[in-house]
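The structure under discussion appears below in the form of structure tokens.
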Amino acid sequence: QEKIISELIPFIQRILPTEEDEVLLAISEELPNFIKYLDNKYILKTLPLYQTLLGCEETVVRECTITGLGKLIATLSDDQVKNEIVPMILNIAEQPTFQYKVSACYLIRMSYPKAGNEKDKLRALYLKLCEDDTPIIKRTAAKEFGQLCLVLEKEHFSTEMITVYKKFMTESDSVRVTILPSLVQLIKLSQGTDTQKVNIQFVANASEDKSWRVRNELSKILPEIIQS
């Protein structure tokens, strides 16, 4: 473990800024394997590697890094997530390049169940990313909406997230198409609540959307909506 921490990890960190995408992808694929060789108290030494790769221009590298970090988060304690992962997410979300903000959108949902009293910060960050002017960030936030609803406490789901969904459905048709599948989660989570009628209205509104892409997307998820 000492060799990994003192030599291997610093070596990888030095080469990351200059390596080709193929090498970065190979590194991102291997990062989760450190879990096998480092004790829980040392595994956080790999976080700087993840953080660098989360800002990579190549999408496939970022996606692989996010998947690997999700595996790491699953092994960490609540305190480790609260004290190490959440600050990292907040930090990368403040970086100027959109790649970091896109990565943060995915990591919010992965970290939220273990974030303890830092959950408020993650929810606030998600709401901020939903308002970002960069289309790819807004679409990513919309894509994550349904999965995030599944891990939120009921009081936050029924207030904040319904408002967010309404706002998304006033955005461009690409955002509306992206958010629409989340209706399935909304309806399942709203069964027996006051928001159930609101969700039915969402379905009705989507069926009359001026964009054929939105109406087409609704037709794809309609069987799941009916079943829910």
Side-chain angles (χ1 to χ4, degrees), residues 66 70 73-74 78 81-82 85-86 89-90 92-94 98 100-209 211 213-215 217-218 220-228:
I66 291 165
I73 290 170
D78 290 10
V81 171
K82 181 179 68 174
I85 302 297
V86 173
I89 296 172
L90 297 174
I92 65 174
E94 293 300 321
F98 76 86
Y100 279 116
K101 291 182 173 68
V102 167
S103 296
C105 286
Y106 291 107
L107 294 173
I108 290 170
R109 180 250 308 170
M110 294 179 178
S111 305
Y112 190 85
K114 293 186 173 185
N117 57 13
E118 297 293 281
K119 288 181 177 181
D120 289 348
K121 293 181 180 179
L122 291 181
R123 288 197 310 276
L125 174 59
Y126 177 75
L127 296 177
K128 181 180 178 181
L129 292 170
C130 290
E131 297 291 336
D132 198 284
D133 292 332
T134 307
I136 189 172
I137 297 173
K138 187 163 289 187
R139 288 197 302 272
T140 306
K143 182 180 179 182
E144 277 294 287
F145 177 88
Q147 293 301 310
L148 181 58
C149 283
L150 293 176
V151 299
L152 285 178
E153 296 82 2
K154 190 173 182 179
E155 61 267 26
H156 300 299
F157 157 73
S158 60
T159 54
E160 295 172 349
M161 301 306 277
I162 296 295
T163 302
V164 170
Y165 184 89
K166 289 180 180 178
K167 179 67 168 59
F168 272 138
M169 288 305 290
T170 67
E171 299 287 348
S172 65
D173 64 345
S174 64
V175 173
R176 300 201 304 277
V177 168
T178 303
I179 190 69
L180 197 58
S182 298
L183 259 179
V184 176
Q185 282 91 3
L186 283 182
I187 291 172
K188 287 180 179 178
L189 292 169
S190 300
Q191 287 181 349
T193 70
D194 294 337
T195 59
Q196 195 164 12
K197 292 181 180 179
V198 176
N199 293 329
I200 294 173
Q201 187 59 51
F202 287 157
V203 176
N205 292 344
S207 70
E208 299 174 354
D209 196 282
S211 171
R213 293 180 178 86
V214 174
R215 300 194 303 273
E217 186 65 28
L218 177 63
K220 294 178 183 178
I221 64 171
L222 204 52
E224 288 185 82
I225 289 176
I226 294 171
Q227 187 177 7
S228 299

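Since this is a predicted model, take the numbers as computed values, not measurements.
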Using a strict threshold of under 4.0 Å (side-chain N to carboxylate O), is an ion pair present between R176 and E171? no
So that I can tick it off, tell me whether R123 and D120 are bridged by a salt bridge, with the cut-off set at under 4.0 angstrom between side-chain N and carboxylate O. yes
Is a side-chain N or O of S111 found less than 3.5 angstrom from the main chain of I108, in a donor-acceptor match? no
Check whether any side-chain N or O of S211 sits under 3.5 Å from a backbone N or O of R213 as a donor-acceptor pair, and report yes or no. yes
Distance, nearest 0.5 Å, that separates [atom1] of [X] from [atom2] of [Y]:
{"X": "D209", "Y": "D173", "atom1": "CG", "atom2": "CG", "answer": "8.0 Å"}
{"X": "L122", "Y": "K114", "atom1": "CG", "atom2": "NZ", "answer": "14.0 Å"}
{"X": "C149", "Y": "M161", "atom1": "SG", "atom2": "CE", "answer": "4.0 Å"}
{"X": "K138", "Y": "K101", "atom1": "NZ", "atom2": "NZ", "answer": "13.5 Å"}
{"X": "L222", "Y": "S207", "atom1": "CG", "atom2": "OG", "answer": "9.0 Å"}
{"X": "R109", "Y": "E144", "atom1": "CZ", "atom2": "CD", "answer": "4.0 Å"}

Given the options E118, K121, K119, K82 meets side-chain contact (heavy atoms from CB on, under 4.5 Å) only with E118
Side-chain contact, heavy-atom cut-off 4.5 Å: Y100 with E94? no
4.5 Å side-chain heavy-atom contact, I66 and M110: yes
